[in-house]
Chemist: 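Here it is: the structure, laid out below.
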Amino acid sequence: MDVLVINCGSSSLKYQLINTQTEEVLASGICDRIGIKGGQFSYKPKDGSKTTQNVEMPDHEVAIKLVLNALVNPKDGILKSLDEIKATGHRIVHGGEHFTESALVNDEVIHHIEECADLAPLHNPAHLLGIRACQHLMPNKPMVAVFDTAFHQTMPPRAYIYGLPYEYYEKYKIRRYGFHGTSHSYVSKRTAEFLGIPLENSKIITCHLGNGSSICAIENGKSIDTSMGLTPLEGLVMGTRSGDLDPAIIDYIAQKENLNTKEVINILNKKSGVLGISGLSSDFRDLLAADEEGNLKARFAREVFAYHVAKYIGSYTAALTGVDAITFCAGVGENAKFIRGKIVSHLQFLGITLDEKANLETIGKEGIISTKDSKVKVCVIPTNEELMIARDTRALVAGKHL
Ligand code: ADP
């Protein structure tokens with residue numbers, strides 16, 4: 001079954017056409033700068049050729065129309081007809097407490113995604129634009145919504161409740177939700193398969209380290225705690241996000257800098273993290289290059305990042321009362337060997353030893369980077385959220401036709 005996976009942001013849209021039998025990516029690309037001057041559309045069929053077009057995309061519907069046209073283009077299109085696409089799978093950031101798993105899109109599901117927009121104002125409205133555009137362009141084609149929060153709905157109350165008056169949870173559903181769930185789910189399953197250990201009897205800590213970063217404690221295949229919270233601002237120090245801090249800092253900065261709360265939160269989201277600490281960049285490649293040239297702030301930002309990741313791994317080892325495997329994924333986790341090395345150097349007390357050679361060689365591919373006698377296996381598993389979305393979409397759509 002061919003499934004079109006769509007990850008819709010407010011001004012960009014990433015897509016992949018995936019054959020769910022072979023799990024092969026038939027085509028992929030990005031629509032960038034939707035609704036902004038200077039739009040760019042890229043299309044990459046499986047033969048590896050890539051075309052990029054400068055084209056204005058006033059809205060998401062125009063962008064998706066470009067995707068569909070490219071897929072059936074007689075020149076380098078991968079499909080003869082759009083009928084070959086059996087369903088679309090949509091990444092949805094926030095599913096609140098309502099969605100504990102992926103769902104076939106209908107009016108009720110759309111209504112609940114709208115309700116959660118309050119909790120993810122930058123993301124959910126954009127996802128809905130994508131869903132509505134698909135409804136319009138491909139009426140009657142089934143759609144599945146796959147939620148970043150759903151995997152974490154297995155967290156016990158003690159992990160998701162904040163130390164706030166309980167009525168705020170009851171009235172406003174203020175609690176930890178967690179994000180990157182599709183990634184943590186995929187990577188934990190794949191870690192168990194890769195190591196040949198039973199997922200249903202395992203303790204795994206997955207570290208999704210990218211621009212946005214989060215960590216998840218997974219017991220017997222189920223998320224029991226995760227570092228992001230009500231929003232993706234909590235947890236680790238990230239590329240541009242502050243992560244955990246004393247909440248009183250917000251008012252303190254507001255007073256000192258004559259800002260309102262929203263403006264301070266904006267700084268915590270966009271100007272903080274390793275960008276804020278280094279004053280240089282949110283990109284770990286830039287920080288490494290600067291560090292090598294002797295930039296001490298770049299070095300310090302990398303150290304802070306690694307320290308926080310290690311601290312979370314330590315606390316999640318306690319949450320799980322032990323750990324069998326720790327897995328790194330996403331841009332930094334899959335590629336940044338020195339950061340991985342720094343993180344693991346904090347974890348020797350757990351009997352973990354790094355295989356230096358394996359760590360240097362395991363870049364962007366699956367591998368074990370701990371030594372054979374390490375008490376805990378440390379792995380690198382490239383994440384694949386699109387494949388998880390395609391799998392869920394197939395499963396729900398196939399179920400519908402039974
Ligand atoms: P997101 O999906 O959150 O945007 P990614 O998972 O794509 O992020 O990760 C992007 C980040 O990964 C970049 O900002 C960069 O810091 C880091 N990264 C990518 N490649 C490398 C590399 N070769 N070495 C170090 N860091 C890298």
Side-chain angles (χ1 to χ4, degrees), residues 5-16 28-30 32 42 91-93 120 122-123 126-127 146 148 178-187 190 206-216 226-228 231-243 269-293 295 297-299 301-306 308-309 327-344 359-367 369 380-389:
V5 175
I6 293 181
N7 181 352
C8 221
S10 54
S11 64
S12 72
L13 182 156
K14 293 184 201 154
Y15 66 93
Q16 281 193 7
S28 63
I30 302 180
D32 214 1
S42 74
R91 178 206 177 202
I92 311 289
V93 163
L122 297 179
H123 294 98
H127 304 324
V146 179
D148 278 20
F179 299 87
H180 294 140
T182 311
S183 174
H184 290 297
S185 168
Y186 172 81
V187 167
R190 190 65 204 124
T206 46
C207 309
H208 178 111
L209 311 179
N211 271 322
S213 297
S214 71
I215 300 204
C216 186
T226 191
S227 57
M228 284 179 168
T231 75
L233 181 54
E234 193 184 346
L236 299 168
V237 168
M238 307 182 212
T240 63
R241 289 175 232 164
S242 64
N269 265 312
K270 301 200 176 138
K271 296 188 176 165
S272 302
V274 293
L275 167 68
I277 296 169
S278 67
L280 187 75
S281 174
S282 61
D283 193 302
F284 282 80
R285 287 163 291 199
D286 296 343
L287 296 178
L288 172 63
D291 183 350
E292 284 174 345
E293 282 168 12
N295 183 320
K297 279 196 169 163
R299 170 164 304 182
R302 296 170 76 233
E303 270 166 13
V304 172
F305 178 80
H308 279 254
V309 176
T327 299
F328 293 107
C329 70
V332 178
E334 288 161 30
N335 298 295
K337 47 190 186 282
F338 296 120
I339 298 275
R340 291 193 308 235
K342 267 183 194 298
I343 295 167
V344 174
N359 184 39
L360 294 185
E361 286 170 357
T362 310
I363 306 294
K365 60 177 184 187
E366 292 185 346
I369 59 167
V380 176
I381 302 282
T383 191
N384 198 338
E385 288 157 290
E386 290 77 12
L387 179 58
M388 280 297 276
I389 294 172

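The first residue in the sequence is number 1, and the count goes up from there. Just so you know, these numbers come straight off a predicted model, no measurement behind them. Every number for a ligand or one of its atoms is a count from 1 in the order of the listing.
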Chemist: Which protein non-hydrogen atom lies closest to atom 17 (C) of ligand 1, naming both residue and atom, and how far is it?
Modeler: V332 CG2, 3.6 Å
Chemist: Suppose I only count heavy atoms of G212 and a 4.0 Å limit; which atoms of ligand 1 are within that range?
Modeler: 3 (O)
Chemist: Which residue supplies the protein heavy atom nearest to atom 24 (N) of ligand 1, what is that atom called, and how far is it?
Modeler: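 Residue, atom and distance for the closest contact: R285 CG, 3.6 Å.
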Chemist: What's the verdict on side chain to side chain contact (heavy atoms under 4.5 Å, CB included) for Y15 and N7, showing C-alpha distance, side-chain angles and the deciding distance?
Modeler: CA-CA 6 Å; Y15 66 93; N7 181 352; over 6 Å; no
Chemist: Starting from atom 15 (C) of ligand 1, locate the nearest protein heavy atom and write down its residue, its atom name and how far away it is, to 0.1 Å.
Modeler: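 For this ligand atom, the closest protein heavy atom is D283 OD1, 3.4 Å.
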Chemist: State, to 0.1 Å, how close T226 and G178 come at their nearest heavy-atom pair, and which atoms those are.
Modeler: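 Looking at all heavy atoms of both residues, the closest pair is CG2-CA, 3.5 Å.
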Chemist: Between L287 and F305, does the side chain to side chain contact (heavy atoms under 4.5 Å, CB included) criterion hold? Intermediate values first, please.
Modeler: CA-CA 11 Å; L287 296 178; F305 178 80; over 6 Å; no
Chemist: Establish, from distance only, whether the side-chain atoms of S214 and H208 form a donor-acceptor pair under 3.5 Å.
Modeler: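 The criterion, which ignores hydrogens and geometry beyond distance, is not satisfied for H208 and S214.
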Chemist: Short N/O distance, under 3.5 Å, between F284 and ligand 1?
Modeler: yes
Chemist: Nearest protein heavy atom to atom 2 (O) of ligand 1: under 4.0 Å?
Modeler: no
Chemist: Could you report the tightest heavy-atom contact between I363 and R340, atom names first, then the distance?
Modeler: CD1-NH2, 4.2 Å
Chemist: Heavy-atom distance under 4.5 Å between the side chains of F338 and R302, does that happen here?
Modeler: yes
Chemist: Would you please say whether a donor-acceptor pair under 3.5 Å links the side chains of S183 and T383?
Modeler: yes
Chemist: Looking only at protein heavy atoms, which one is nearest to atom 23 (N) of ligand 1, and what is the separation?
Modeler: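 I find the closest protein heavy atom is N335 CB, 3.4 Å.
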Chemist: Atom 18 (N) of ligand 1: which protein heavy atom is closest, and how many Å away?
Modeler: G331 O, 3.6 Å
Chemist: Just do the side chain to side chain contact (heavy atoms under 4.5 Å, CB included) check on V309 and L209 with the steps written out, would you?
Modeler: CA-CA 9 Å; V309 176; L209 311 179; 4.1 Å; yes
Chemist: Need the ligand 1 atom indices (1-based, order shown) with element for anything under 4.0 Å from a heavy-atom of A330.
Modeler: 6 (O)
Chemist: Give yes or no for whether the N/O distance cutoff of 3.5 Å, strictly under, is met between G210 and ligand 1.
Modeler: no
Chemist: Does N211, backbone or side chain, put an N or O under 3.5 Å from an N or O of ligand 1?
Modeler: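 Yes, since at least one N or O of N211 sits under 3.5 Å from an N or O of ligand 1.
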